[in-house]
> 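The structure follows.
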Amino acid sequence: MSATSPSNQLFARPLMPFTSFSDLVAPSFLPQPWVIQNLLPVGLTLLSGDPRCGKTSLAQQLMLDIATGTTPFGTHDTTLDDASQHLRPRRGSIFYLSLTSSTPHLHEIRSRIYASRPDIPALSNLFVTNAFKPLTPGEGLQELCDWRGL
């Protein structure tokens, strides 16, 4: 993957060539882009862990929080304004790869989400699939970039 590849835009940390310490002396502020401030940076996020440890539940809760712009984990502090919240979400589009789910299971997940949050509108910014190409620069990553318009 070259440094100019649009798939580099999927990652929060841009590629940096080898640089001498003397060239790093001049400070430069590069703001960290966040989807959820202090928790989830912009970019491709892979969630892994032991079976049945809660990965799917966590991913589904975070995707719902991002899709709706809701502060995650019930951490909204009513004494603070929105800009001062520790875990501040940025509403956006979600592309959820649920590669171990059948189509009926995806429908069940959708039903559970809408049953638990009847106040939310139709989520036209949340996309899901249970089949995807391998995440390599020539296949899956490029397809993600194409989907995102990068």
Side-chain angles (χ1 to χ4, degrees), residues 1-17 28-150:
M1 187 175 345
S2 71
T4 59
S5 169
S7 60
N8 286 334
Q9 296 180 33
L10 290 172
F11 301 98
R13 184 178 61 197
L15 296 177
M16 179 181 145
S28 63
F29 176 73
L30 296 174
Q32 174 70 39
W34 295 96
V35 176
I36 299 177
Q37 186 71 32
N38 300 315
L39 179 68
L40 188 63
V42 167
L44 178 66
T45 299
L46 300 176
L47 185 58
S48 64
D50 292 332
R52 307 205 49 80
C53 69
K55 298 180 299 290
T56 300
S57 296
L58 175 61
Q60 290 170 359
Q61 184 60 53
L62 291 176
M63 75 178 188
L64 185 59
D65 292 337
I66 295 163
T68 60
T70 304
T71 304
F73 313 122
T75 59
H76 185 80
D77 185 342
T78 57
T79 63
L80 299 174
D81 63 4
D82 286 344
S84 301
Q85 297 295 321
H86 180 67
L87 298 177
R88 193 172 56 247
R90 185 171 79 184
R91 189 173 188 276
S93 297
I94 304 296
F95 191 64
Y96 181 61
L97 303 178
S98 188
L99 302 179
T100 59
S101 297
S102 64
T103 301
H105 186 238
L106 292 176
H107 286 281
E108 180 186 329
I109 291 168
R110 180 187 179 276
S111 296
R112 279 192 314 223
I113 286 173
Y114 282 119
S116 70
R117 295 281 306 274
D119 59 314
I120 60 174
L123 296 171
S124 60
N125 60 337
L126 200 157
F127 304 88
V128 64
T129 186
N130 61 358
F132 205 73
K133 295 177 181 177
L135 292 176
T136 63
E139 288 189 274
L141 289 177
Q142 186 59 52
E143 191 170 326
L144 281 175
C145 289
D146 293 345
W147 175 78
R148 291 291 300 148
L150 302 176

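Position 1 is the first residue of the sequence, and the numbers go up from there. Treat the numbers as computed from the prediction; the structure is a model and nothing was measured.
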> Measuring only between side-chain heavy atoms, which start at C-beta, is I94 closer than 4.5 Å to L123?
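A side-chain contact under 4.5 Å is absent here.
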> Within the 4.5 Å heavy-atom criterion, are T75 and H86 side-chain neighbours or not?
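A side-chain contact under 4.5 Å is absent here.
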> Would you say N125's side chain and G92's backbone share a donor-acceptor pair under 3.5 angstrom?
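Indeed, once roles are kept as given, a pair shorter than 3.5 Å links the two residues.
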> Is there a side-chain contact between P72 and I36 (heavy atoms, below 4.5 Å)?
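In contact.
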> Please answer whether the main-chain N or O of F73 pairs with a side-chain N or O of Q61 as donor and acceptor at a distance below 3.5 Å.
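Not confirmed, Q61 side chain does not pair with F73 backbone.
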> If I compare all heavy atoms of L39 with all of P41, which pair ends up nearest, and what's the gap?
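Reported closest heavy-atom pair: O-CD, 3.9 Å.
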> Which atom pair, heavy atoms only, marks the closest approach of V42 to V35?
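Reported closest heavy-atom pair: CA-CG2, 3.8 Å.
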> Is there a side chain to side chain contact (heavy atoms under 4.5 Å, CB included) between L106 and T129? Walk through the geometry before answering.
CA-CA 8 Å; L106 292 176; T129 186; over 6 Å; no
> Working to the nearest 0.5 angstrom, can you tell me the gap between L40 CG and R90 CZ?
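So the gap between those two atoms works out to 10.0 Å.
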> For the atom pair CG (L97) and CG (N130), what is the distance rounded to the nearest 0.5 Å?
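So the gap between those two atoms works out to 10.0 Å.
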> Rounded to the nearest 0.5 Å, how far apart are CG of D82 and CZ of R88?
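If I round to the nearest 0.5 Å, the distance is 9.0 Å.
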> Short question: side chain of R91, backbone of I66 - any donor-acceptor pair under 3.5 Å?
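Flag not set: sc R91 to bb I66 has no pair under 3.5 Å.
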> For a quick test of reading the model, state the closest non-hydrogen atom pair linking S101 to S98 and the distance between them.
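Between these two residues, the closest heavy atoms are OG-OG, 2.6 Å.
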> To the nearest 0.5 Å, what is the distance between CG on L64 and CD1 on I113?
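It is 5.5 Å, given to the nearest 0.5 Å.
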> Just checking R117: does its CZ atom have more than 12 heavy atoms from other residues, nucleotides or ligands closer to it than 6.0 angstrom?
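It does: R117 CZ has more than 12 such atoms within range.
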> Let me check something: any side-chain donor-acceptor pairs from residues 49-60 under 3.5 Å, sequence neighbours excluded? List them with distances.
unit_1	atom_1	unit_2	atom_2	d
K55	NZ	G49	O	3.2
K55	NZ	D50	O	2.8

> Could you grab the distance from atom NE2 of H107 to atom OG of S102, nearest 0.5 Å is fine?
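H107 NE2 to S102 OG: 9.0 Å, rounded to 0.5 Å.
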> Taking atom CZ of F132 and atom CD of E143, what is their separation to the nearest 0.5 Å?
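So the gap between those two atoms works out to 4.0 Å.
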